[in-house]
Amino acid sequence: MKTELNYINLSYQTYSQKEYNISLSYQLFGKDLFTAPIILINHALTGNSNVSGEKGWWKQLVGDNQVVDTDQYTVLCFNIPGNGYDNFLIEDYEDFTPSDIAAIFLKGLEALQIKNIYAIIGGSLGGGIAWEMLAKQPDLAEIFIPIACDYRTHDWLHAQCLVQNFLLNDKEEPLQKARIHAMLCYRTPQSLNDRFQNQYNKENQRLESEDWLVYHGNTLNERFSLKAYKLMNHLLMNINADETALESIQARMHMISVDTDLFFPASEIRMCFENLKEKNKDVSYHEIQSIHGHDAFLMEYQQLNNIIKNILQK
Ligand SMILES: N[C@@H](CCO)C(=O)O
């Protein structure tokens, strides 16, 4: 299986009229390009192109004999430029919106001479970028599976990203603090309360739940950079696919929400589904039941497997 990082050199003018030379990096998994149907997977906030294999962040879904079967498909995953996975960081992160990232990914596909994609799958921010890609190029894919995401950032999510921004501009441990707050948006009160039950960690002299949050803050700080996080948060805050263009999307759309998602509430995703259904689009709605909230798309693999298996088998 090919898993090395590959690069496409692009010159790109952002919608904010800034010129960038971008080395768009990507990974391919499974069948060689053009020998099998292509599935594009867009990564989430702190994810990257390494979607499958030993350290793959979605290896429970993508791999040999998995639901996204690398024995059957070519799986392509781009890095969002500036995520730092390929050591490329963006200083002026406000130059970019998800619409730019979508345009860059489309240019990447063009450079690879990929005209049609069998399926686009994206979770959270990655799904938002996928919405923007399809709004720009409605005939791009046969199947679209947006998971725990929406075609736009609604007020509540925007507000949480605003708090993230405040924390990211703090002088001390900005990334750790932002991650701690973000963890509370990715999970739910029940998820934390059931798990920790107010247990006290004597060694660290704090609640186990606090210990867990600090651990997540520190872990992200070790694997991710502040500049990258600022960009990703800015992108999450500004998903805004052209609503009128959604009607033109030709893909069969299978929206997947999480019933307890505090970031992209199931009710909003259902509303988007109902609007598109009313316009006679080929669209279906699936809901993951979980106490864990938004991050269920990285946890509830049995449910996700069942849903995606049925979609891809049709
Ligand atoms: N917790 C995940 C998803 C956030 O949307 C991440 O850090 O990428």
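Whatever order the structure lists ligands and atoms in, that order sets their numbers, starting from 1.
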List every atom of ligand 1 that sits less than 4.0 Å from any heavy atom of S124, numbering the atoms from 1 in the order shown and giving each element. 5 (O)

Only heavy atoms of R179, strictly under 4.0 Å: list the atoms of ligand 1 that pass. 7 (O)

What's the shortest distance from atom 6 (C) of ligand 1 to any protein heavy atom, and which residue and atom give it? T46 OG1, 3.3 Å

Can a donor-acceptor pair be found between the side chains of H294 and D261 at a distance below 3.5 Å? yes

Distance flag, aromatic centroids of W131 and F144, threshold under 6.0 Å: yes

Measure from the ring center of F29 to the ring center of Y73 and say whether it is less than 6.0 Å. no

Would you check whether M232 reaches within less than 4.0 Å of ligand 1, judged by its heavy atoms? no

Tell me, which protein residue and heavy-atom name are nearest atom 3 (C) of ligand 1, and how many Å apart are they? D295 OD1, 3.6 Å

Run the side chain to side chain contact (heavy atoms under 4.5 Å, CB included) test against L213 and tell me which residues pass, sequence neighbours left out. I180, M183, L184

What protein heavy atom lies closest to atom 4 (C) of ligand 1? Include the residue and the distance to one decimal. Y186 CE2, 3.5 Å

For L298, the ligand 1 atoms whose distance to one of its heavy atoms is below 4.0 Å: 2 (C)

Is the ring centre of F105 less than 6.0 Å from the ring centre of F78? yes

Side chain to side chain donor-acceptor pair (under 3.5 Å) against W212, all qualifying residues, sequence neighbours excluded: H216

